[in-house]
Amino acid sequence: MDANVTVWLDNLSKAARGEAAPPPSDTLLSIENRVKDATDDDLSGITSQLFGLHGLPEAIVASLDGETAEMRTPEKKELREAALRFLEVLVDEYTETRENAAAQIAAYAVPIVATCLRVFKLGESKEQELSLYPVLQVVELKAHVAGRALQDELFPEREAGGERRHVVDLCWDYMCRTSSGARRSTPTVRGLCYQLLGKLALLFPVDVSNERVYTEKRLFNSATADLRQQVGRADRQDTANVKEQLGVVAGALTALDGLLSDTDDLRLPEIDVVWSQLLRCLAINVGEIKRFNAPKAALELLGHRIDLFACVEQWTPPPGTASASVEVARLGQSRLLAATPGADGRPADGAELAAVALWRHLLALSTHHNRNLRLLATEVLGIFLRRTSAQVCGAAELVTAADDAVVQRARTIYGFLRGEVRRLAQRPPAELDAAELSTLLSAVGELAGPMRRFDGEAEVHTQLRALCELAAAVYQPAALRHSEAARRGA
């Protein structure tokens, strides 16, 4: 047992009871530094201590005891806020920093969820915000938690007057609050509630299968309505609360990602609405924002559900459709090959093709200065090119007069992408960075199929030779410089 941790936990217990103690934020900073410096074995022991008798959850819950004025003293609020920030850091230490350690922190998933949901129920807005971050982390560890212990904590039996609340009730009740008044909601917490409800749909589909928030499409309707309202505001940059608006956008997109994992109860027009709002989210000017949760959520939704939007999966042809016409109908329904939709989800006459718009948005994000956003966008760009190329190839096989519209759109998309590849390949090697060259190589590889269909196999070989020469021009000078430096050093 770590003697320093014992002293620090004792100080937190005193602060929770209102007794004289060092500032809780200082104490928790000391614990955080100890955790980060600990070896794997020491970290395991420290974590056991933190969640043992008179541990951190006990101190947090104790700070909530008493009358409202008593539990909301500055010292107790400081304790709860600092403790919740630390819990997020602790889970991150196990799941992100240390290797193969997720199962160890998952052993404490239940007390983490129980403590955080109690703060969410009784705390003020900042505490509510901080309480949801550890819960969002811990639900991802479902596979490492034995039995149904985590589900039983998240979804307890509903009892009149019971202290424990069903997590869906907690989140939805909060989202039904107004934005003014004594118990007002905030956009940041609203966005986090969206995220959690979406993750619950994805990770615990059986447990939420009978919840009216899901079965009556309340969550779906709320998320799409918020996207319509908030994306326009954020894109125009017309208020001082862009960060909070984009928090709602990110949460709504995550909620829809979870809901789209099961589309049995969704109609095609509803999926069209999600598609139209997704394209609007990807078009937000990310150069004007400081945090990138909204574009990241949009990229994740597109990457996870692109086959749904392309009508590759979870789509049934109309009754009576001949088997030979199924592929024609499927390609005709593909949103990738259709025009960019309007706000109502329906393709607009004369609008830019969706695949063309997606290329522009994804290419811009794949060269962004934020590393995580850039890597995610590059991954999704590859997914998009792979699916679009496959559908363009499929359209090239169509021969009947009724297929002309689909074939023409496919040709237009291929012609555009082919032109973009040429544009990138013709840039001077000195102006191409590694990310752009990687995108170019990936694009040519994914477009090889339609290139062979429309331009012939010889063109594929020509492009591959040109790319090899370009890659050599970009990479060889740097390699030669390193070799020369090594030779001189020798």
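This is a predicted model, so every value here is computed, not measured.
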Would you confirm whether Thr224, through its side chain, and Asn221, through its main-chain N or O, come within 3.5 Å as a donor-acceptor pair? yes
Salt-bridge criterion met for Glu270 and Lys217 (N-O under 4.0 Å): yes
With no hydrogens and no angle check, is any side-chain donor or acceptor of Asn33 less than 3.5 Å from a backbone partner on Leu29? yes
Please step through side chain to side chain contact (heavy atoms under 4.5 Å, CB included) for the pair Gln463 and Arg418, ending with a clear verdict. CA-CA 11 Å; Gln463 286 303 310; Arg418 181 73 182 82; 2.8 Å; yes
Reference residue Leu154; test side-chain contact (heavy atoms from CB on, under 4.5 Å); the match among Val167, Val208, Asp207: Val167
Whether the side chain of Thr462 engages the backbone of Ala458 through a donor-acceptor N/O pair (distance < 3.5 Å, no angle test) should be reported. yes
Thinking salt bridges, do Glu420 and Arg423 make one under a 4.0 Å N-O criterion? yes
How far apart are the C-alpha atoms of Val460 and Val444, what are their side-chain angles, what is the distance that settles it, and do they pass the side chain to side chain contact (heavy atoms under 4.5 Å, CB included) test? CA-CA 8 Å; Val460 177; Val444 171; over 6 Å; no
Check side-chain contact (heavy atoms from CB on, under 4.5 Å) between His144 and all other residues, then give those that pass, not counting sequence neighbours. Ala102, Ala103, Ala106, Leu141
Do Arg280 and Gln277 have side-chain N/O donor and acceptor atoms under 3.5 Å apart? yes
Among Arg387, Gln391, Arg409, which residue satisfies the side-chain hydrogen bond (donor to acceptor under 3.5 Å, both in side chains) criterion with Ser334? Gln391
Could you check whether Lys36 pairs with Glu93 (Lys NZ or Arg NE/NH1/NH2 to Asp/Glu carboxylate O, under 4.0 Å)? no
Determine whether the side chains of Tyr414 and Thr388 contain a donor N or O and an acceptor N or O closer than 3.5 Å. no
So do the side chains of Leu381 and Ser442 get within less than 4.5 Å of each other, counting heavy atoms only? no
Give a yes or no on whether a salt bridge exists between Arg452 and Glu459, defined as a side-chain N under 4.0 angstrom from a carboxylate O. no
Report the C-alpha separation of Phe384 and Ser389 in whole Å, then their side-chain angles, then the decisive distance to 0.1 Å, and conclude whether the side chain to side chain contact (heavy atoms under 4.5 Å, CB included) test is met. CA-CA 8 Å; Phe384 156 74; Ser389 296; over 6 Å; no
Polar side chain donor-acceptor pair, Tyr108 to Gln104, under 3.5 angstrom: no
Does a side-chain N-to-carboxylate-O contact under 4.0 Å join Asp226 and Arg190? yes
Could you tell me whether the side chain of Tyr133 and the main chain of Val89 form a donor-acceptor pair under 3.5 Å? no
When you compare the side chain of Leu196 with that of Leu200, does any pair of heavy atoms fall below 4.5 Å? yes
Can you check side chain to side chain contact (heavy atoms under 4.5 Å, CB included) on Lys142 and Gln151, steps first, answer last? CA-CA 9 Å; Lys142 169 191 173 185; Gln151 289 93 319; 3.9 Å; yes
